[in-house]
Amino acid sequence: MRNFPSPAVRRAALGLALAGTCALAGAADFAGRGVFNFKSDAGCPFAALAGGGSECNRLALDDADTHAALDSASHTIRFASTRSYPEKTIVGDVLLQGSGRARDGQRVPLTFHALLSRSGSEWSVSSHAHSPVSGEFDDIRIDPYKVTVNEPGSERVMLTAEQVVEALAKPSLAARLANVFVQVDDNRADGARDADITIGLGLSRASKSVARARFRAPGAKGRDLAEAMRQGNWTLELQALSSKIPRQVIQRDMFLYGLESQPLLQPLLQRGFRKNEKLLLGAADGKGYIRYDGQQREFAGADAAARAFLQDSFIGLVLGWQQQQPPQPVKTRADGR
């Protein structure tokens, strides 16, 4: 799964055999359905999870008819397509990793996510910010990319670097303007270390719980997230608390995190989550596995899929942040999608 309610694979170098996945540096042109990572000069929220420590920015293409070009020198990402779509369709996205300074002075990981869509031959973009804690931020550090698209005889700017910074500085305001509110409950009991959260949508008492996420690493108590993964004994569990999670959101997240080709998950891909169903990625003594609907299968890509989820998704961002913080006795809240 990915950020709720918005749509959410990589690491071929870490063993996940995904066609079209690669690391990018400098200028690059690419096409074809796939997920591509490139360097973040601003840093990565959980650097050790991002391959060599800096390949945590992401660009995804949803079909073979969409092309993109990355120019890191001019900090420009250009999308192009000649296909006409009968209805509004997501054709790609850009995810940029950064950080900001919270009011209490601590530096907090922040993520900017933009979705590019086509309807007919017209382009549109929707964007939002992810933050593991609520509030406003200053001293934003993020690569100053702009996003452009092809137009007949011209190039159109869809997002500027200034707009990205503005969205990250006030993610709560952006969420209010989009009428999107995400509530995050810390489920840990006193003294518990492993991350455990419930995600709700809506305002305060009107919030409806939609998912629960847990990360457990029994052999790595008190260590950071990357070290916990290196221990080779861990689980990442996602539980649907509602049957209303949009199926297209689940399908796209399975694409992004390298799960859509898994035979065990085909029912989930086709119909979406039923209430209280669980999807679990894990490793025992370094051997990866996947568990769903009461069945378990070996999955060599479990480590890479989990790292991608923890690095890129809103839920993963909160889990990773919580894993590195002391347990909080009171409810926390984050606004995002």
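In what follows, residues are counted from 1 in the order of the sequence shown.
Salt-bridge formation is not detected for the pair R103/D138: no Lys NZ or Arg NE/NH1/NH2 atom is positioned less than 4.0 Å from an Asp or Glu carboxylate oxygen. We find that E136 and R101 are not joined by a salt bridge, their nearest charged nitrogen and carboxylate oxygen being 4.0 Å or further apart. Here E237 pairs with R214 in a salt bridge; the nearest charged N to carboxylate O distance falls below 4.0 Å. A salt bridge is defined here as a Lys NZ or Arg NE, NH1 or NH2 lying under 4.0 Å from an Asp or Glu carboxylate O, and D185 with R212 fails to meet this definition.
Criterion: ILVMFWY side-chain heavy atoms under 4.5 Å apart, direct or through other members. Under it, Y289 and L264 are not part of a common hydrophobic cluster. Grouping the Ile, Leu, Val, Met, Phe, Trp and Tyr side chains by contacts below 4.5 angstrom, directly or via other members, places F112 with V108. In this structure, I199 is not a member of the same hydrophobic cluster as L280, with clusters built from ILVMFWY side-chain heavy atoms closer than 4.5 Å.
The CD1 atom of I197 lies 12.5 Å from the CD atom of Q183; values are rounded to the nearest 0.5 Å. A distance of 10.0 Å separates OG in S127 from NE2 in H113, rounded to the nearest 0.5 Å. Considering NE2 of H128 and CZ of F314, their distance stands at 9.5 Å, rounded to 0.5 Å. Rounding to the nearest 0.5 Å gives a distance of 11.5 Å between NZ of K278 and CZ of F273. Rounding to the nearest 0.5 Å gives a distance of 9.0 Å between NZ of K208 and CG of L241. We find the CZ-OG1 distance between F215 and T235 to be 7.5 Å, quoted to the nearest 0.5 Å.
Side-chain contact check for S99 and R107: at least one donor-acceptor pair (N or O, by modelled atom type) lies under 3.5 Å. D143 and N57 share a donor-acceptor pair across their side chains, judged by distance under 3.5 Å alone. In this model, a donor atom of one side chain and an acceptor atom of the other lie less than 3.5 Å apart for D104 and Q106. Residues N187 and T198 have side chains that bring a donor and an acceptor to within less than 3.5 angstrom of each other. For Q97 and S40, the side-chain atoms include no donor-acceptor pair closer than 3.5 Å.
The backbone N or O of L269 sits less than 3.5 Å from a side-chain atom of Q251, completing a donor-acceptor pair. Between the side chain of D303 and the backbone N or O of A306, no donor-acceptor pair lies under 3.5 Å. Under a 3.5 Å cut-off, the side chain of R247 and the backbone N or O of Q270 do form a donor-acceptor pair. Looking only at distances, no side-chain donor or acceptor of R141 sits under 3.5 Å from a matching main-chain atom of D41. Between the side chain of E277 and the backbone N or O of R274 there is at least one donor-acceptor pair closer than 3.5 Å.
Between L236 and L319, some side-chain heavy-atom pair lies under the 4.5 Å cut-off. A 4.5 Å side-chain heavy-atom check between M158 and Q163 finds every atom pair outside the cut-off. The shortest distance between side-chain heavy atoms of L265 and L279 falls below 4.5 Å. Contact check for V125 versus L159: side-chain heavy atoms found under the 4.5 Å cut-off. Inter-residue side-chain proximity for C44 and Q311 is flagged as met; some heavy-atom pair is nearer than 4.5 Å. Annotation: side chain of L259 is not in contact with side chain of F309 (no heavy-atom distance under 4.5 Å). Side-chain contact between D65 and R33 is absent, with no heavy atoms from C-beta onward closer than 4.5 Å. Looking at D29 and H67, their side chains never come closer than 4.5 Å, going by heavy atoms from C-beta outward.
Taking all atoms of both residues into account, the shortest heavy-atom contact from L61 to F79 is CD2-CE2, 3.9 Å. Summarising the geometry of A60 relative to F255, their closest heavy-atom pair is CB-CE2, 4.5 Å, with the distance given to 0.1 Å. Residues K146 and T160 come closest through the heavy atom pair CB-CA, 4.1 Å. Pairing each heavy atom of A213 with each of I315, the nearest pair is CB-CG2, 3.5 Å. In this structure, P171 and S131 approach most closely via the heavy-atom pair CG-OG, 3.9 Å. The heavy-atom pair separating D194 from R216 by the smallest distance is OD2-CA, 3.6 Å.
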- Message: Test ring-ring contact (aromatic ring centres under 6.0 Å, His included) on F38 and F30; report intermediate values, then the result.
- Response: CA-CA 12 Å; F38 59 97; F30 48 100; 8.3 Å; no
- Item | Residue pair D93, L59: steps toward the side-chain contact (heavy atoms from CB on, under 4.5 Å) verdict | CA-CA 6 Å; D93 76 6; L59 190 153; 5.8 Å; no
- Can you list the steps and then say if S72 with K39 is a side-chain contact (heavy atoms from CB on, under 4.5 Å)? CA-CA 9 Å; S72 60; K39 184 179 180 181; over 6 Å; no
- Task: Kindly indicate, with the supporting measurements, whether the criterion side-chain contact (heavy atoms from CB on, under 4.5 Å) is fulfilled by Q239 and N276.
- Result: CA-CA 6 Å; Q239 180 181 12; N276 294 323; 3.8 Å; yes
- Item | Worked verdict on D312 versus T111 for side-chain contact (heavy atoms from CB on, under 4.5 Å) | CA-CA 8 Å; D312 291 354; T111 302; over 6 Å; no
- Step-by-step salt bridge (charged side-chain N to carboxylate O under 4.0 Å, His left out) determination, K287 to D285: CA-CA 6 Å; K287 294 183 179 180; D285 298 326; over 6 Å; no
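Applying the 6.0 Å contact sphere to CZ of R271 captures more than 12 heavy atoms from other residues, nucleotides or ligands. Shown here is Q266, whose CD atom has more than 12 heavy atoms of other residues, nucleotides or ligands within 6.0 Å.
Residue L110 is tested with L168, L317, L96 for a side-chain contact (heavy atoms from CB on, under 4.5 Å); the sole match is L168. Test V91, I90, T89 against S117 for side-chain contact (heavy atoms from CB on, under 4.5 Å) and you get one pass: I90.
Under the salt bridge (Lys or Arg N to Asp or Glu O under 4.0 Å) criterion, E155 pairs with R78, not counting sequence neighbours.
With a 6.0 Å cutoff to the six-membered ring centre and a 45° limit on the axis angle, R118 counts as a cation-pi contact of W123.
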